[in-house]
There are 2 protein chains.
Amino acid sequence: MEEKLKEFIDMLRKEGHKVTPQRIELFKIIKNCKHPTVEEVYHRINKSHPTVSPATVYKTIELLREMGEIQEMSVIDGKIRYETNMTPHINIHCIKCGKVEDVFSDRIQELFNEFEKKSQYEIKSHSFDFFGYCPDCKNQESSE
Amino acid sequence: MEEKLKEFIDMLRKEGHKVTPQRIELFKIIKNCKHPTVEEVYHRINKSHPTVSPATVYKTIELLREMGEIQEMSVIDGKIRYETNMTPHINIHCIKCGKVEDVFSDRIQELFNEFEKKSQYEIKSHSFDFFGYCPDCKNQESSE
DNA sequence: CTACATGCAAAGCATTTGCATAGCC
DNA sequence: GGCTATGCAAATGCTTTGCATGTAG
């Protein structure tokens, strides 16, 4: 975490952006959230730093997105959420309880390599999502 | 297309929804669009049926989503787009020119099967997206 | 000291809602 | 004929913008 923060600060400087307490705090909060909405990020920063405005939250999220630190996700409930874990993985969403789990697999990289070759695209990022019933909700389903 | 429309009409009836001209027309339009936004759907129906209101477009899109005919997609430009082709595939987005291509592969089904077994989830749908530079834009990139 | 970032309030838009009317079943 | 769907207009709520002030470099 400390390491990632330092890299982030370096990248800010390198790209000519200023290093402000708001940006540092928002980076820490966002990277510690799972798949936050703007609203959730705002509520969190509001607890520790009540003067930070929604405008700053929106602007910082947009900056992080441009810097490749976060990514907009597939939406299931209409609200845009942000992927903050940029390690290749698949999100499995339970469409009943709303839970989201990360799953890692070497197959993702394989698929990635296959498509890059086949399509002639230069692939920079991805977003993989499964939607279904988690083990708990699956059982409840069958008894309904 | 005719076949799909009939299935849709049957499903409407079966689920107790009424079959209206607006729903039929919106179904046809939406299924003929690639990855439309709400706005695009509204503009299209507005040309042929100028009295259809935005409210009806929103409600019908929500109905189609509930019925599993369409799905919200990963967003790249902030606007929610809808996946209207429910055949398993991956979308490759060019982050420069905005083009989106569908790619089909047996690997998707394999990945699907692997995860269903491994995770104990009952998977109902998915959304796979790659983001990068298409062959054309890739070359422009290198010469900049 | 200069330029960019922040915070606030207002503006802008997309989406939803309430309700009267129309039209499917 | 009953009950859902539609269309309209108003309301809501999220996001952006403009501008004065603060602050990093």
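Chain letters run A, B, ... following the sequence lines, proteins first and then strands; every chain starts at 1. Hydrogens, waters and symmetry mates play no part in the numbers below; they use all other heavy atoms, side chains included.
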Handout entry: Salt bridge A/E62-A/K59, side-chain N to carboxylate O under 4.0 Å
Key = no
Fill in the blank from the handout: A/L12 CG to C/dC4 C1', in whole Å, measures 13 Å
Practice task
Indicate yes or no for a side-chain donor-acceptor contact from B/R23 to the backbone of B/K18 under 3.5 Å, with no hydrogens or angles considered.
Solution key: yes
Practice task
Please state how far atom CD in B/E15 lies from atom P in D/dA5, giving the value in whole angstrom units.
Solution key: 12 Å
Practice task
Check the pair A/Q71 / A/S125 against side-chain hydrogen bond (donor to acceptor under 3.5 Å, both in side chains), numbers first and verdict last.
Solution key: CA-CA 9 Å; A/Q71 194 174 47; A/S125 66; 2.9 Å; yes
Problem - Minimum-distance nucleotide to A/Y58 side chain [options: D/dT15, C/dA14, C/dA5] - result: D/dT15
Problem - Nearest-angstrom distance from the residue atom NZ of A/K79 to C1' of D/dG13 - result: 10 Å
Practice task
List the steps, then state whether side chain to side chain contact (heavy atoms under 4.5 Å, CB included) holds for A/M86 with A/E69.
Solution key: CA-CA 7 Å; A/M86 301 304 272; A/E69 288 288 343; 5.8 Å; no
Exercise for the section: Indicate, with a heavy-atom threshold strictly under 4.0 Å, whether A/K59 touches base, sugar-phosphate, or nothing. Expected result: base
Exercise for the section: Write down the distance between CD1 (A/I80) and P (C/dT15), rounded to a whole number of angstrom. Expected result: 10 Å
Practice task
Mind checking ring pair (Phe, Tyr, Trp, His ring centres under 6.0 Å) for A/H89 and listing every partner two or more places apart, or none if nothing turns up?
Solution key: A/F104
Problem - Between CG on residue A/L64 and CG on residue A/L26, distance to nearest 0.5 Å - result: 8.0 Å
Practice task
Without swapping roles, check the side chain of A/K96 against the backbone of A/C134 for a donor-acceptor pair under 3.5 Å.
Solution key: no
Practice task
Determine whether the side chains of B/D129 and A/H126 contain a donor N or O and an acceptor N or O closer than 3.5 Å.
Solution key: no
Practice task
Rounded to the nearest angstrom, tell me the gap between atom CZ in B/R65 and atom P in C/dT16.
Solution key: 10 Å
Fill in the blank from the handout: Whole-Å distance, B/E62 CD to C/dT17 C1', equals 14 Å
Handout entry: Distance test, side-chain N/O of A/R23 to OP1/OP2 of C/dT6, below 4.0 Å
Key = yes
Fill in the blank from the handout: Scoring nucleotides 20-25 of chain C by protein non-hydrogen atoms under 4.0 Å (B base, S sugar-phosphate only, - none) yields ---BBS
Handout entry: Close residues, residues 39-55 of chain B, relative to DNA chain D [heavy-atom separation under 4.0 Å]
Key = B/T51, B/V52, B/S53, B/A55
Handout entry: Protein-nucleotide distance (A/L63, atom CG; C/dA5, atom C1'), rounded to Å
Key = 11 Å
Problem - Of A/F131, A/F115, A/F112, A/F128, the residue whose pairing with B/F128 passes ring-ring contact (aromatic ring centres under 6.0 Å, His included) - result: A/F128
Problem - Whole-Å distance separating the CD1 atom of B/I61 from the C1' atom of C/dA14 - result: 12 Å
